[in-house]
K.L.:
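Below is one structure. I have some questions about it.
This structure is a prediction, so every number in the text was calculated from the model and none was measured.
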Amino acid sequence: GNFVFKGVFDGNNKTISGLKQSSKTYFGLFGNVSGTVKDLTLSGVSITGSTHGGSLCYMLMKGGTLSNCKAEGKMSNVGVSSSSNTVYAYVGGLVARSYGGTITHCVNGMDIESKDKTRVGGIVAYTEGSTSLQYCENAGNISNTFYIGGISGYGGIIKYCVNYGNITGTSMSVQIAGIGLTSSTITGCVNSGRIAVPLVSTTCYVAGVGYDGTIISSYNVGEIVGNNATATYGVGKTCQFCYNAAKVSGNNVYAVGSS
């Protein structure tokens, strides 16, 4: 809805257990947040058959902050399918969309199985307005959709984040990466998860750390499987001071980056 949380929610390092939501258009513990949510763990989360959202909130607005928050559980059959008239659904382990918010020291432990016409991020699915993500981790496995970023599914200024989760695309995947997609900069980040797509029927890019944007001082140690993808990168397209230490296979392979 239109409700905006503008205050400070201090979880005091406590845990909320058993959050369950199903068949919702929008989902999350909070709707929209322009205040601060901190020091909170969600455990045993179960989200099924819903469209847009994240375990903590749907939208993090300008000035909003998530700090030291963690979610554990599973999302299944979320988002929308390719037969839907909806342009895309947005599903994040913690947040669906962020417009200039700050996310720091947060962890996603949610496994996410989405419908295919969905943009998914381990922490946040879609960002605009110089959203900052720092010291965040994704430990959840993500599968079955067009666009997946282990930390951000689109955009953001990403620093010192790690992806441990395995990320698996579909035959219709477009962009898959361990950390972020179309991020302005990715700095000091690491991917150790397996990033893979099956045989694809679309123009598709697979990367260990990020696709598009500038990747600085980051590295990959997870296996990257591109099959017949348009290009497969050990780290990403444009890299500075980066390295790859894992196997990269596919049709058009770059061990680190192409520039």
K.L.:
Tell me, do Thr182 and Gln175 make a side-chain contact under 4.5 Å, heavy atoms counted?
P.N.:
yes

K.L.:
Work out which heavy atom in Met75 is nearest to a heavy atom in Val91; give both atom names and the distance.
P.N.:
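Shortest heavy-atom separation between Met75 and Val91 comes out as SD-CG1, 3.6 Å.
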
K.L.:
Quick one: do Tyr211 and Tyr233 satisfy side-chain contact (heavy atoms from CB on, under 4.5 Å)? Show the steps, please.
P.N.:
CA-CA 8 Å; Tyr211 179 71; Tyr233 303 94; 4.0 Å; yes

K.L.:
State yes or no: do Leu40 and Leu66 share one hydrophobic cluster built from I, L, V, M, F, W and Y residues joined by side-chain heavy-atom distances below 4.5 Å, directly or via other members?
P.N.:
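Hydrophobic grouping puts Leu40 with Leu66.
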
K.L.:
Verify the distance criterion only: is there a donor paired with an acceptor across the side chains of Ser17 and Thr15 at less than 3.5 Å?
P.N.:
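On atom types as modelled, these side chains do not qualify, holding no pair under 3.5 Å.
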
K.L.:
Please assess Tyr147 against Tyr88 for the test ring-ring contact (aromatic ring centres under 6.0 Å, His included), listing each intermediate value before the final yes or no.
P.N.:
CA-CA 10 Å; Tyr147 294 90; Tyr88 279 105; 5.5 Å; yes

K.L.:
Tell me, with the steps shown, if Ser82 and Asp116 meet side chain to side chain donor-acceptor pair (under 3.5 Å).
P.N.:
CA-CA 6 Å; Ser82 53; Asp116 58 8; 3.2 Å; yes

K.L.:
Same cluster for Val124 and Phe9 if Ile/Leu/Val/Met/Phe/Trp/Tyr side chains link at under 4.5 Å?
P.N.:
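Linked within one cluster.
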
K.L.:
Does Gln240 reach the main-chain N or O of Ser217 with its side chain, forming a donor-acceptor pair under 3.5 Å?
P.N.:
no

K.L.:
I'd like to know if the side chain of Thr127 and the backbone of Tyr154 have a donor-acceptor N/O pair within less than 3.5 Å.
P.N.:
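Side chain of Thr127 to backbone of Tyr154: a pair is present.
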
K.L.:
Treating Ile, Leu, Val, Met, Phe, Trp and Tyr as nodes and any side-chain heavy-atom pair under 4.5 angstrom as an edge, say whether Leu56 and Phe3 lie in one connected cluster.
P.N.:
yes

K.L.:
For residues Asn251 and Asn228, is any side-chain donor paired with an opposing acceptor at under 3.5 Å?
P.N.:
no

K.L.:
Taking the side chain as C-beta and beyond, is there a heavy-atom pair between Asn252 and Tyr254 under 4.5 Å?
P.N.:
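Yes, close enough: below the 4.5 Å cut-off.
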
K.L.:
Using side-chain heavy atoms (C-beta onward) and a distance below 4.5 Å, is Val190 in contact with Asn220?
P.N.:
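No, every pair of side-chain atoms sits at 4.5 Å or beyond.
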
K.L.:
With the side chain counted from C-beta on, respond yes when Asn32 and Tyr58 share a heavy-atom pair under 4.5 Å apart, and no when they do not.
P.N.:
yes

K.L.:
For a 4.5 angstrom cut-off between non-hydrogen side-chain atoms, does Ile157 reach Thr131?
P.N.:
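A side-chain contact under 4.5 Å is absent here.
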
K.L.:
Using the salt bridge (charged side-chain N to carboxylate O under 4.0 Å, His left out) rule, take Glu137 and Lys70 through it: C-alpha gap first, then chi angles, then the decisive distance, then the call.
P.N.:
CA-CA 9 Å; Glu137 298 179 4; Lys70 182 177 182 179; over 6 Å; no

K.L.:
Which pair of heavy atoms, one from Met110 and one from Glu72, lies closest together, and at what distance?
P.N.:
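What the structure gives for the nearest pair is SD-C, 3.6 Å.
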
K.L.:
Are any side-chain N or O atoms of Asp39 and backbone N or O atoms of Gly11, one a donor and one an acceptor, separated by less than 3.5 Å?
P.N.:
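Here the side-chain-to-backbone pair does not exist.
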
K.L.:
Looking only at side-chain N and O atoms, does Thr65 offer a donor or acceptor that is under 3.5 Å from a partner on Thr102?
P.N.:
no

K.L.:
Between Val120 and Val107, is there shared hydrophobic-cluster membership here, with clusters defined by ILVMFWY side-chain heavy atoms closer than 4.5 Å?
P.N.:
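The answer is no; the residues belong to distinct hydrophobic clusters.
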
K.L.:
Check whether the side chains of Asn77 and Thr48 place a donor and an acceptor atom closer than 3.5 Å, and report yes or no.
P.N.:
no

K.L.:
Going through the distances and angles, do Arg194 and Val225 end up as a side-chain contact (heavy atoms from CB on, under 4.5 Å)?
P.N.:
CA-CA 8 Å; Arg194 183 178 189 268; Val225 181; 3.5 Å; yes

K.L.:
Check whether any side-chain N or O of His52 sits under 3.5 Å from a backbone N or O of Ala89 as a donor-acceptor pair, and report yes or no.
P.N.:
no

K.L.:
When you check the gap from the basic side-chain N to the acidic O, do Arg97 and Glu128 get nearer than 4.0 Å?
P.N.:
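Answer for the salt bridge query: no.
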
K.L.:
Does Val174 belong to the same Ile/Leu/Val/Met/Phe/Trp/Tyr cluster as Leu199, with side-chain heavy atoms less than 4.5 Å apart forming each link?
P.N.:
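Unlinked, Val174 and Leu199 end up in two clusters.
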
K.L.:
Checking Arg119 against Tyr126: charged group under 6.0 Å from the ring centre and within 45 degrees of the axis?
P.N.:
no

